Structures are given as C-alpha cells and as structure tokens.
Amino acid sequence: MADCYFLGIGGTGSKCVDTYVYSCATGLGPEKLWIGMVDQDAGCGNVEKSSINIENYQRIRKILRTPGLSDVNNKTNLFKTNIVSVPGQNNWEPLKGSGTTKPTLKNIFKFNALKDEIQDIMSCLYHPEEELELELDEGFRGRPSIGSAAILSRIHENEPFWQTIFNSIDSAKQGHEVRIFLVSSIFGGQGASGFPSIARLIRRILEQKGIKEGVYIGGALMLPYFSFPKPPDTETGLFAYSDSFLEQTRGALDYYGRLFDEKNYQKTFDQLYVVGWDPLIQLKTFAKGGPNQNNPALLPEIFTSLAASKFYEDKVIDEGIFYIAKNESDAFSWPDLPSIKIGDKNFVKKCLSQFTRTALSYREIYYPNLTIDKWRKVKRESWLRNLLTKQGVNLDDEETAVNLLSINKYFESYLEWLATMIHQSNEFTKNNINLIDVNQYSQFDDSLQGAGVTLNEKLNNNQLKQFGKMISDSKLGDLSSVFLRMNYARVPRDRTGLGSFMGALYDSCR
Amino acid sequence: MRFLKAILWLMIVLVPFSGLLYSLTYLELEIIGEGSPIANVSSYILTQDENNSIFTNDELRYITAQIFLEEGAANLLVYVSVFWLLISILWIVIGEVLRIDRPGQAIKYIWIWFVLLIISLVVVASMTWYFLYAQDVLYQRAEFSSVFSLLIFMLIYTAVYFYLSCVFITSRVIRSAVPFLTIILRN
C-alpha cells in the first residue's frame, strides 16, 4: 500500500480538499491519506471550512473505527480512509510569521537590503508599487508570478507541514511507494503558482536524494469553471478578475503541455488531470479574501476527487494528461462521472449513493430515536437490541450521546455540501443534473447569503416516501427496505460497539 | 426467502396443532376417555336426554356418533385448519404490506393483530357451533353443555395457536404489534 498525500493549493485547492474529505467518507479514498492545504489566506472561509471538515472526519472515524471499542470493520467503505494529518496543521501559510507587519514581496526578499542590480531586476519583474508592496496576508490576488516567488522562498524541509512528505520520500529508498497528488486552479494566484512550483520542488528533492522510482506525482488542475462579479467600486487594490481567467489559462496550458515533453523539459508530473466546465458557473458574490471568501461547493470539483482516487487506486501509473467530457452538453448523470476502479464501473455511484442514503436515513429516522430521552420507547425493537444494546452501547451514556450527535452533524454537513454542489451547478446544466435528488431534503434560494442551501428541518411523510427514488437511474429500496434489513442485520465478529449499528445501517442503505 | 421461511415455520406450528385434533378424532387412544373416538362421542358429547331416541337405541347412538365424527368433527377440522392457515398467512402478508419504515411505528398496528385474533375466535366459534351442533344432520344431537365446553376449548386452542404461530411467523419489523412478543423474543 502506497503512502498517499493530497495537497490542495490556493482557494480552489482547499475547496477540493473539502470535497475529497467527503469523498473519503463515502469510501472513495485510499486506505491511508495525509491531506493538507497551502493557502496564504488561512482565515479564508474555504480553508477554514476544509480544516474543520478534516478534523470532524477524524473525530467521526475515531468513533467508528477504534478496534475493540467501536469498529465498522475493514470491509466496510464507510469512513474507510484513515486521514493522518495532524489537527491544527492542515494548512501551510507560506508567509506566516512575518511579524505584525503584513507580508509583501518587499519584506520577504528584504528588498531594501538587496544590491541595486537585483533591486532593478525585481522592479522589472514586479510592478514596484502594485505588486512589490501588495499585502499578501490574504493571498496573491490572482497573480501567479507573486505566488511562485513567495512560496518557493518559504518551503523548507524542517517545516513541520512538509516534514511528513519529505520523510515519506526518504522511505521510498527502501522500496516504499509514495503517491503525491496536488490540486489547484490554473487561473488563480496561489494555486497557479504553487502547483508547478511545489511539484518541481519535490522533483528536485527526489533528484538530490537520488530517488528515481517509487515516488509518483499526480495533479488535477481546474480550468476556469466559475466566474464571479467584478469587485465593487468601493474596493481598492489588486484583485482576481474572472474576466481574465481564460486568458491566463491559455498561457498556463501551453506551459503544462510542455512539462510532458520529456525531451526538452524535465518530467514534473506522472499524471495530470485537467478539469473544466462549460458554461462557467456564475457565483453571485465577490470576496477578495478572508472569512468572506467561502465559495460554495461546485460539481466540477468532484472530478479532482475522482482523479486523486484513481491515481491512488491504479496499480500502475499511466503517464500523461487526462481529461473527460460530458456525454451530453445539457445534462449530467452518473455515466459522466469517471470510474476509478477497474472492473467496477459503478463504484463511484455506489459509494456516493450508499453514503447519501445512510446519512439521510440516519438523520431522519434513526438518530431521532437514539437520543437519551427517546431510545427507551423503542428499546425492545430488534434493530436496537441487536445492533446497539447487545453490542454494549449504553445509550444513557453522555459520551455515546455526544458521539451520536457528532455523527448526525457530520452527515448534515455532508448533505448540505452535496445539496450545495448540485443546486449551485444545476442552473448551468439547464437544471438537468441527474445524480441525486437533493430537493427531497433541501431547499435552495440563491438570494440568500452564503451557499443559499438549507436542509429541511424534518422531512414529512411524503418526502420520506421518495427516499427510494432519490438516486437517479437506480432501483434501490425505500426506507421500509432499509428498516427491514436493519432488523435482520447480522453483526460480523469484527464489528463492535457503535460501529455495529453504523455498519449495519450503511449495509442496509446499499 | 423470508416469506418462504415464515411459511415453513407456519407449517411447523400448524401441523402439530391440527394433528392433535385429528388424532383425537380418528385415533383410538387408550388414555383418552373410553379409548375410542366413537365411544367418547357417545359417552361424553351426544345427548343424555332420556326422552331422545338415541339415548335408548344403541345402534342409532352408534350411527349418530359416527355421523358426528364424519360430518361434524372431520369437516370442522378441515375448515378450521384451512382457516388457521389463511389467517396466519394474512398476518404475514399484512406485515409485509404495511411497509413499516421506522422505529416505533409497528406498535401502532397492534389493533390489527387484535382484530385478526377476534376474527379468528369468532369464526372458529361459529364453525364449531355449526358443525357440531347446528347443522341439519346433527341438529341438537349433542349435549348443549358438552358442545359449549368444546367451543370454549376450541377458542382457547385457537388463541394459543394464533399467538404461537405469530411468535414464529411475525417479521421482526412488526414484532412490536404482537403483545409481549418483544419481551419473549430477544433477537
């Protein structure tokens, strides 16, 4: 089993991290994964959301996969991936620790102390007022040239964030396989600069250490897939403008194309996935950075997750640039999601649908009956007796109550993420996304602040009756089938505690 | 598969229950009363009215006892067995058709179980009364008090059968709808 690393760079990268964490929850990820983000704007809403998601994921996984206490077992895909990132160290800010003054290129390179000729070169490369003195605490504002310089100047082997990757690279000398996957946008500032810079840096380290095989670098580049309104006149300074995305992308694609020309260029990526979306999804709000930059999840981001999973899953890495196109321009359905497993082309659909059904049935049906004040009413029912009481789960215990609540909250965040992704992207596919009917449990109002998605507080009977039809192109059982399976579920020997119940629910929602 | 299993269990319960009644009707068991079904009917069930011809005419009493077994008891057993089978299958089907989809829902259907139980008792009581006492060939040939005792026995027997069959055939999903079943079965 290879050591797998997933690195999201920049705002889009951190959104893709969020998506990949949810994908791991559904069972699409590898067995073990280190996951991290590179974003100068640590306070950015996207980074914060992804960091919280990683930590919540780790908490839930601990609840469900602590052998001896509570375990859903290794054969179950639910929260399969062991995300080993250190809590609180999920994000690396290249320019952190620059003191109370906000970092600028001038500060980073100690511009005033440089020789005159070097100052002249820097002044040629960067606009002396707009770029050299641009405050970089909230990112690089769509300027890859600034980002490259800033990032490369700060990556060190003794930086705790990078240590894990570099230590793992060392283990490749003993024949261990390492797979590193980078994700970013091609059109932004940090991502576009960090993506090739970090990949090249890793290659250089490999070269320095004399490692020629066993370490693979893959990446997914997001071509422009969304646009946002121009900044209001009241905002001043340098910003990212979505109007310039396509122009920036054209140049960058030419560059990446050359990276695969091994005759003239040193190889950087073993696999590169390029993801785009047409027409661009129009976001309603503009935020230059900070907590307000909390862009909604969008459907194209899921392709980066599938690309990463395929990269980790493949036994042999096929080198090249990969892309995929939709089958129909005005629709999006399950066959449009690429397969990640040879021999099981429905694996992605199975994982996503099974997890969604599990999340919804837990939220709507089972969790409300497991709270301290409610469980006694159903304490003699087979499912509760076999899957919880007999497994030693004390539902009066406060820790159990907190664990059940945490699982519910995670499922809710997943359902909200899924609904956001589909609602926000739907308009641009002529309301023809046929994957999961998120209208069954959520409402979308794009005039609202944020993602505009709210989960229905409690589904009524008519909505619950639609449960079996939630997954498009599938004949899956309704809630009564799930309840029936729950009542007849057998607990395998390697399932224990709360894991017995969650494993059975997951199996019952297949 | 689950439906077939339930049917199998149903047969396992039904066969001994009906079998016992058939044995009492057809087999010569030394330990039961006079040792023979005809003698038992003659001694314990047929009328003891001294003014009735079958009390004084032994041959007629014998023939009447035979008719009681062949036209009364045997028919009753066939109809009751079929009825038990049907009512149990109906309970299995109801368990499936209700499509219980959440915890705490099954207990709301306990009334259906009671309705089925009452139907079972009323139908079996009516059958017993008709086949053993009221049908033309046997009209008032049996002692009223004896038939009434038989009727009470059949009611108890039917109730026991219905509950026991429910223990084995009720889906776990609807188990709460059978009184005390979730206490008896702990799986």
Side-chain angles (χ1 to χ4, degrees), chain A residues 357 360-371 373-391 395 404 440 458-470 476-491 500-501 504-505 508-509, chain B residues 1-13 88-117 159 162-187:
Chain A
R357 283 161 58 83
L360 195 60
S361 56
Y362 181 86
R363 178 183 187 251
E364 294 296 327
I365 303 294
Y366 295 94
Y367 176 66
N369 284 289
L370 294 176
T371 51
D373 56 327
K374 291 272 178 65
W375 75 272
R376 285 178 193 284
K377 287 181 185 163
V378 292
K379 67 178 179 182
R380 291 207 175 91
E381 293 197 7
S382 289
W383 65 275
L384 192 134
R385 205 175 239 164
N386 292 335
L387 302 171
L388 289 159
T389 318
K390 282 185 184 174
Q391 305 307 317
L395 291 166
L404 290 166
Q440 278 187 27
K458 185 92 186 112
L459 301 194
N460 59 39
N461 278 342
N462 284 337
Q463 287 167 320
L464 289 173
K465 275 181 189 159
Q466 300 302 312
F467 181 81
K469 295 173 187 162
M470 187 166 59
L476 297 169
D478 56 10
L479 281 168
S480 63
S481 307
V482 173
F483 190 56
L484 188 71
R485 288 177 194 151
M486 285 291 280
N487 278 283
Y488 284 91
R490 287 194 180 146
V491 181
S500 308
F501 167 73
L505 181 58
S508 302
C509 288
Chain B
M1 189 61 192
R2 208 165 25 78
F3 190 78
L4 288 178
K5 264 189 188 175
I7 296 289
L8 186 70
W9 276 111
L10 174 59
M11 299 316 290
I12 289 170
V13 178
S88 299
I89 289 175
L90 183 63
W91 177 240
I92 297 172
V93 171
I94 285 171
E96 299 293 320
V97 170
L98 286 176
R99 302 197 74 76
I100 309 287
D101 61 5
R102 69 197 73 173
Q105 194 183 18
I107 199 156
K108 291 174 187 163
Y109 295 109
I110 199 166
W111 65 271
I112 295 182
W113 188 85
F114 275 111
V115 165
L116 287 186
L117 175 66
F162 187 62
Y163 192 83
L164 204 63
S165 67
C166 285
V167 169
F168 289 97
I169 64 173
T170 301
S171 162
R172 289 182 188 181
V173 170
I174 199 170
R175 202 176 262 176
S176 316
V178 180
F180 311 113
L181 192 52
T182 53
I183 299 171
I184 295 167
L185 296 178
R186 306 178 74 85
N187 59 349

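Order of the sequence lines fixes the chain letters, A, B, ..., with proteins taken first and strands second; residue numbering starts at 1 for each chain. Both backbone and side-chain heavy atoms feed into the values below; hydrogens, waters and symmetry mates do not. Remember, predicted model here, so these are calculated numbers, not experimental data.
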*Asks:* My understanding is that only one of A:Lys379, A:Glu381, A:Met486 makes a side-chain contact (heavy atoms from CB on, under 4.5 Å) with B:Pro103; could you say which?
*Replies:* A:Glu381
*Asks:* Rounded at 0.5 Å granularity, tell me how far CG in A:Leu484 sits from CD1 in B:Ile174.
*Replies:*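 If we round to the nearest 0.5 Å, A:Leu484:CG and B:Ile174:CD1 are 11.5 Å apart.
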*Asks:* Are A:Trp383 and B:Arg172 packed together at the side-chain level, in the sense that at least one heavy-atom pair is separated by less than 4.5 angstrom?
*Replies:* no
*Asks:* At a heavy-atom separation under 4.5 Å, does A:Lys390 approach chain B through its side chain, its backbone, both, or neither?
*Replies:*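 Side chain only.
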*Asks:* Which answer fits A:Val482, side chain, backbone, both or neither, if we ask what part of it has an atom under 4.5 Å from a heavy atom of chain B?
*Replies:* neither
*Asks:* Counting only heavy atoms closer than 4.5 Å, note whether A:Phe467 contacts chain B via side chain, backbone, both or neither.
*Replies:* neither
*Asks:* So B:Arg102 and A:Leu479, do their side chains get closer than 4.5 Å, heavy atoms only?
*Replies:*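 A side-chain contact under 4.5 Å is absent here.
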*Asks:* Once you round to the nearest 0.5 Å, how far does CG of B:Asp101 lie from CD of A:Glu364?
*Replies:*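 Between B:Asp101 CG and A:Glu364 CD, I get 11.5 Å after rounding to 0.5 Å.
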*Asks:* In terms of heavy-atom pairs under 4.5 Å with chain A, which of B:Val173, B:Ile107, B:Leu181 leads?
*Replies:* B:Val173
*Asks:* Please tell me whether B:Arg175 and A:Ser382 have a donor and an acceptor in their side chains that are separated by less than 3.5 angstrom.
*Replies:*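 There is such a pair (donor and acceptor under 3.5 Å, judged by atom type) between the side chains of B:Arg175 and A:Ser382.
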*Asks:* Should the pair B:Arg2 and A:Tyr488 be classed as cation-pi, given the thresholds of under 6.0 Å to the six-membered ring centre and 45° from the axis?
*Replies:*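 The answer is yes; both the distance and angle limits are met.
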*Asks:* Do A:Asp478 and B:Arg99 come within less than 4.5 Å of each other through their side chains, counting heavy atoms only?
*Replies:*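 A:Asp478 vs B:Arg99: side chains touch.
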*Asks:* Where on B:Arg186 is there a heavy atom nearer than 4.5 Å to chain A: the side chain, the backbone, both, or neither?
*Replies:*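 Contact with chain A is through both the backbone and side chain of B:Arg186.
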*Asks:* Tell me, for B:Leu185 versus chain A, whether the close heavy atoms (under 4.5 Å) come from the side chain, the backbone, both or neither.
*Replies:*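 B:Leu185 touches chain A through backbone heavy atoms alone.
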*Asks:* Quick one: what part of A:Leu384 sits under 4.5 Å from any heavy atom of chain B, side chain, backbone, both or neither?
*Replies:* neither
